[in-house]
Amino acid sequence: GSSTMFPIEDFRNTLEKIVALLRQLEIRFHLTGGVTAVAYSEPRLTQDIDIVVDQSAMSERLEEFVSEVRAAGFLTDDESIRSAVRRGGLFQLIDEVETLKVDLYAREMIPGELNRSIHVEILTGLSVPICSLSDAAASKLMWVHKGSHKGRRDVRRLYDHATPGQQQLIRQLAEEIGLADLLQTVLSESDEPME
């Protein structure tokens, strides 16, 4: 298929390391952002790996995580991890070997998203939980709200790929995060004609 265009293989080592670590520490997580586009709509070049982790599990295992993540070959700043986890924010890890960036969000973006993860074999032999299509669309909608123009087309594309049930959930989630009107606006826009 067309997924060979997508250099997600380049992420394998980094992905396997961080996934193994989160599983070992029993921290619930799922992938979100660019790498999940391979499961929905169109493959997309992406420069980093985005992961949502469960804030309370991460808080509980924080010191173990900080030492283990270093042992696994990630460059990071311990203090920035601690403060991100406290406030439910974002922290970054850099894989020393692959020089790839991993962004970890220490809380759910969309309420309940970790309960709706779907498991996907994202690479041969590597199955991981990823954010559901409906949550992906709702997250994109939040980025649109923050000013992302590219996100507008992504929301439409995800919505078009959604089943009626998923579309209903997208509308429900948009309502929950206070962006129902924005969703309507974005869905009524048309894609710019292709060059």
Side-chain angles (χ1 to χ4, degrees), residues 1-9 11 15 19 22-23 27-57 88 90 103-195:
S2 61
S3 62
T4 49
M5 303 271 307
F6 192 65
I8 190 170
E9 262 311 325
F11 293 103
L15 207 46
V19 164
L22 291 168
R23 283 187 171 145
I27 296 168
R28 279 205 313 161
F29 72 93
H30 65 201
L31 301 187
T32 186
V35 287
T36 61
V38 78
Y40 308 124
S41 64
E42 84 289 7
R44 138 94 40 90
L45 292 176
T46 185
Q47 274 66 58
D48 46 31
I49 298 169
D50 297 295
I51 301 179
V52 171
V53 296
D54 181 272
Q55 190 176 7
S56 62
L90 163 73
D103 287 341
L104 284 103
Y105 297 86
R107 67 173 165 84
E108 294 182 316
M109 308 286 154
I110 308 297
E113 63 174 289
L114 285 170
N115 298 327
R116 293 185 292 267
S117 307
I118 62 163
H119 284 261
V120 168
E121 187 169 304
I122 199 151
L123 289 164
T124 312
L126 180 63
S127 286
V128 292
I130 71 171
C131 128
S132 77
L133 186 150
S134 303
D135 288 297
S139 312
K140 290 279 184 200
L141 194 60
M142 287 181 76
W143 290 113
V144 169
H145 181 62
K146 291 174 183 164
S148 160
H149 193 73
K150 185 170 58 73
R152 302 180 90 90
R153 200 186 58 199
D154 291 339
V155 169
R156 284 193 295 277
R157 194 158 285 163
L158 285 164
Y159 193 87
D160 290 344
H161 279 79
T163 64
Q166 289 171 328
Q167 290 182 342
Q168 191 184 343
L169 184 53
I170 292 170
R171 290 194 296 271
Q172 192 182 317
L173 292 171
E175 192 79 50
E176 272 177 48
I177 58 176
L179 298 178
D181 291 350
L182 180 60
L183 178 64
Q184 276 313 113
T185 304
V186 170
L187 293 178
S188 66
E189 295 164 350
S190 59
D191 288 338
E192 303 78 61
M194 288 299 180
E195 293 306 310

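Here the structure is a predicted model, which is why all the values come from computation and not from measurement. Positions are given from 1, in the same order as the sequence printed here.
In this structure, Lys140 is not positioned above the aromatic face of Trp143 in the sense of NZ or CZ being under 6.0 Å from the six-membered ring centre and within 45° of the axis.
Annotation for Ser117 and His30: closest pair OG-ND1, 2.8 Å, computed over non-hydrogen atoms. Of all heavy-atom pairs between Ile51 and Thr32, the closest is N-CG2, 4.3 Å. Counting all heavy atoms, side chain and backbone alike, Ala180 lies closest to Glu175 at CB-OE1, 3.7 Å. The minimum heavy-atom distance between Phe29 and Pro129, with the atom names listed, is O-CG, 3.3 Å.
From Met109, atom CE reaches atom SG of Cys131 across 10.0 Å, with rounding to the nearest 0.5 Å. Atoms CD1 and CG, from Ile27 and Asp54 in turn, are 8.5 Å apart once rounded to the nearest 0.5 Å. For the atom pair CG (Asp154) and OG (Ser139), the distance works out to 11.5 Å, reported to the nearest 0.5 Å. Rounded to the nearest 0.5 angstrom, Ile130 CD1 and Glu113 CD are separated by 12.0 Å. The CZ atom of Phe11 sits 13.0 Å away from the CG atom of Leu126 when rounded to the nearest 0.5 Å. Taking OG1 of Thr36 as the start and CG of Asp50 as the end, the distance is 8.5 Å to the nearest 0.5 Å.
The closest donor-acceptor contact from the side chain of Glu108 to the backbone of Leu114 lies under 3.5 Å. The main-chain N or O of Arg157 is found under 3.5 Å from a side-chain atom of His161 such that the two form a donor-acceptor pair. For the pair Ser134 (side chain) and Gln166 (backbone), a donor-acceptor distance under 3.5 Å is present. Judged by distance alone, the side chain of Gln167 and the main-chain N or O of Tyr159 form a donor-acceptor pair under 3.5 Å. Panel note: side chain Arg152, backbone Val144; no donor-acceptor pair is recorded below 3.5 Å.
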Before you tell me yes or no, could you show the steps for Asp135 and Leu169 under side chain to side chain contact (heavy atoms under 4.5 Å, CB included), namely the whole-Å CA-CA distance, both residues' side-chain angles and the distance that decides it to 0.1 Å?
CA-CA 9 Å; Asp135 288 297; Leu169 184 53; 5.5 Å; no
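Other residues, nucleotides and ligands contribute at most 12 non-hydrogen atoms within 6.0 Å of the CG atom of Asp181.
Taking the side chain as every heavy atom from C-beta outward, Leu187 and Arg156 approach each other to under 4.5 Å. A heavy-atom distance below 4.5 Å is not found between the side chains of Val120 and Leu31.
Checking Val186, Leu183, Leu182, Ile177 one by one against His145, the side-chain contact (heavy atoms from CB on, under 4.5 Å) holds for a single residue, Leu182.
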